[in-house]
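Taking it in order: structure first as structure tokens, then the write-up.
These values consider heavy atoms only, across backbone and side chains, with no hydrogens, waters or symmetry-generated copies.
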Amino acid sequence: MKKHKWTLLALVLALSTMLQGCASGSNEEAQSEGGNTAPKGEKAKITWAVWGNPGELTRFQDFTKDFNAKHPDIEAELIPIPGEYDQKILTQLTGGKAPDIFYAGDAFIVKLIENGSIEELTPLMDVSNSIVKKEDFYEGLWGAAQRDNKIFGITVDCNPMVLWYNKKVLKDAGVTDMPADLQEKGEWTWEAFKTMTEKIRTTGKYGYVLDNSWNSTHSWVTSNGGKVYDDTGAYVGSTDPKAKEAFQFLYDNVKAKNITFSGTLPKGQGGDAMFMSNQVGFVGAGRWYLPLFKKNASLEYDVVTWPTNTGNKIEPAGIPTAYMVLNKASKQKGPAFTFLTEFVSKQGQIYRLQGGGNAVPSVKGADDVVLEGNLPEHAKLFLDAREIGYALTPAEAGIPGLSSDINSRFEALWLKDEDLETALKEVQELANKKIDEYKKK
């Protein structure tokens, strides 16, 4: 009888141990659905990829080292990709060798959402212990990273478009009231801008260099209260009255040589280089010019928001953005998401952007990094522009190749002596044709 009793007890204990092991395994599996799959006691190794100039990459490397020091159980490795970024990432994704997390621009993230290669981040952000929440970020910045109210990428920071102006060039042309001073008084208008560029032109220098990009083109339209796309996502640049007026303003001033299309600049010269050599009055850009300009001690510069033609002090302008995304095939989703959220968090953005960084925070509560050192003098205008600005609409970003097709058609307009109305109609037709074809897929 005793023998049977002990045998039964042994069976119960064995079964209990087995069940506990299964339960533990199930729990670990549930936690590691995107959790740390490294063997116990070993570091979870993750990789992340980004583009960037040498200064940016140095800051990114410092952030990575700091992260690894704070997380002894995780080892993050930075993989810079200097050229053909999108194509290299796509190739790596196809071959199963892509980084765990990586940057994606507004057009690129659309492809990644379409092919299902990146993780939806909404459920990960919604958990109680996530250090970032959707409401921590400025709503106008989600752009192409949001689809059907689902988030697939988080803005790493942002770059509200402003006009940088060269004070010396303006003063030499006889300008006494600087643009930012006029902006404060509500007098920074298209007419004021035109008058300044005319004066600069008479000195033999360039008034304003127009880049061929959505963030420049769209900003001129919206500074006039116009629309490039309507609420249905259709392109209306050639039919919206305010948009047509904006394109006419650009067209007339290009012909008058107050505005110079960047594609016609002397070979090997860019607007930024000519700005620093005191040959250009205005260039449109985000805060990314600050690290470059502040190295030139003799350069006198400041920023102003886009001039308006509506009677308002400020109107919305474009905000180029990039997003951090999570590789759906990552075997270390938990540690990777930890890195991602710390990178885009308030503290992460302060760490990366302080000391004259190249962007503006996309997260709330980190604005002091833009104002430090009062550089440039009216740096607060970056924040004002962010408050009302917009990322590239999914109506354009969501259609592969649409932005480049539109830019190519505008390039032909600025380079050749074409009829404006004809060119605008062709832009609208090609855009809406591509949009309609995409919707039918």
Side-chain angles (χ1 to χ4, degrees), residues 107 161-166 169 190-191 193-202 204-224 226-229 235-275 279-286 289 306-307 309 317-318 320 392-393 396-397 399 401-434:
M161 290 295 289
V162 297
L163 292 182
W164 294 78
Y165 60 90
N166 185 309
V169 172
W190 280 9
E191 189 58 36
F193 172 82
K194 179 185 175 184
T195 299
M196 288 186 188
T197 55
E198 284 176 339
K199 288 182 176 181
I200 295 168
R201 174 175 54 80
T202 61
K205 297 182 179 180
Y206 298 91
Y208 163 63
V209 173
L210 172 66
D211 286 324
N212 192 27
S213 60
W214 76 268
N215 36 278
S216 287
T217 306
H218 290 199
S219 295
W220 283 104
V221 172
T222 52
S223 73
N224 194 37
K227 292 182 178 180
V228 180
Y229 294 89
Y235 188 97
V236 294
S238 77
T239 50
D240 180 85
K242 294 292 187 180
K244 289 176 68 176
E245 189 177 24
F247 288 125
Q248 188 70 57
F249 178 79
L250 289 176
Y251 184 79
D252 291 344
N253 280 281
V254 168
K255 289 182 77 70
K257 298 187 178 180
N258 300 324
I259 294 176
T260 301
F261 176 56
S262 58
T264 62
L265 290 174
K267 190 175 181 180
Q269 291 290 324
D272 54 348
M274 296 184 73
F275 185 93
Q279 296 300 309
V280 173
F282 293 92
V283 289
Y289 275 161
W306 231 256
N309 194 41
L392 179 59
T393 172
E396 183 170 322
I399 314 299
L402 179 55
S403 282
S404 59
D405 287 350
I406 291 174
N407 289 343
S408 294
R409 188 62 191 87
F410 270 116
E411 182 175 16
L413 171 64
W414 305 133
L415 289 175
K416 302 173 184 177
D417 188 19
E418 293 187 342
D419 177 70
L420 175 63
E421 188 172 349
T422 300
L424 290 179
K425 283 181 179 178
E426 289 182 8
V427 170
Q428 184 154 312
E429 287 171 1
L430 77 84
N432 286 330
K433 181 182 178 183
K434 198 152 191 172

Report task. For side chain to side chain contact (heavy atoms under 4.5 Å, CB included), just list the numbers for Val228 and Tyr235, CA-CA rounded to whole Å, side-chain angles, deciding distance to a tenth of an Å, and then say yes or no. Result -> CA-CA 6 Å; Val228 180; Tyr235 188 97; 3.4 Å; yes
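- To the nearest 0.5 angstrom, Asn253 atom CG is 10.5 Å from Thr260 atom OG1.
- The NZ atom of Lys205 lies 10.5 Å from the CE atom of Met274; values are rounded to the nearest 0.5 Å.
- Here the CG-NZ distance, from Leu424 to Lys244, works out to 8.0 Å after rounding to the nearest 0.5 Å.
- One finds the NZ atom of Lys194 at 10.0 Å from the CD1 atom of Ile259 (value rounded to the nearest 0.5 Å).
- Crowding of Gln248 atom CD: a count of heavy atoms from other residues, nucleotides or ligands under 6.0 Å exceeding 12.
- Between Gly281 and Ile200, the shortest heavy-atom distance links the atoms CA-CD1, 3.8 Å.
- Across every non-hydrogen atom of Ala423 and Glu418, the tightest pair is CB-OE1, 4.1 Å.
- Contact record, Ile406 with Glu396: CD1-OE1, 4.0 Å, taken as the closest heavy-atom pair.
- Residues Trp220 and Phe249 place their aromatic rings such that the two centres sit under 6.0 Å apart.
- Atom CE of Met196 is separated from atom CG of Asn258 by 13.0 Å, given to the nearest 0.5 angstrom.
- When each of Trp414, Phe410, Phe282 is checked for a side chain to side chain contact (heavy atoms under 4.5 Å, CB included) with Leu210, only Trp414 meets the rule.
- Ionic pairing of Glu429 and Arg409 is not present here: no N-O contact between side-chain nitrogen and carboxylate oxygen is shorter than 4.0 angstrom.
- With hydrogens and angles ignored, the 3.5 Å screen pairs a side-chain donor or acceptor of Asn166 with a backbone N or O of Phe275.
- Annotation: side chain of Thr422 is in contact with side chain of Glu426 (closest heavy-atom distance under 4.5 Å).
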Query raised in the report: Does the pair Tyr229 and His218 meet the rule for a side chain to side chain contact (heavy atoms under 4.5 Å, CB included), with working shown?
Result: CA-CA 10 Å; Tyr229 294 89; His218 290 199; 4.0 Å; yes
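- Asn432 is linked by a side chain to side chain donor-acceptor pair (under 3.5 Å) to nothing, counting only residues two or more places apart in sequence or in another chain.
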Query - Leu413/Leu420 under side chain to side chain contact (heavy atoms under 4.5 Å, CB included): CA gap, chis, key distance, verdict - result: CA-CA 7 Å; Leu413 171 64; Leu420 175 63; 3.8 Å; yes
Requested in this report: Would you check, one step at a time, whether the test side chain to side chain contact (heavy atoms under 4.5 Å, CB included) holds for Leu265 with Tyr206?
Outcome: CA-CA 10 Å; Leu265 290 174; Tyr206 298 91; 4.1 Å; yes
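- Closest non-hydrogen pair, Ser262 versus Asn212, comes out as OG-N, 4.1 Å.
- Contact annotation: the side chain of Phe247 never approaches that of Ser238 to less than 4.5 Å [non-hydrogen atoms, C-beta and beyond].
- Closest of all the heavy-atom pairs between Ser219 and Met161 is OG-CB, 4.2 Å.
- Here the shortest heavy-atom pairing between Trp306 and Ser216 reads CZ2-O, 4.1 Å.
- Here the CG atom belonging to Leu402 is positioned 13.0 Å from the CH2 atom belonging to Trp214, to the nearest 0.5 angstrom.
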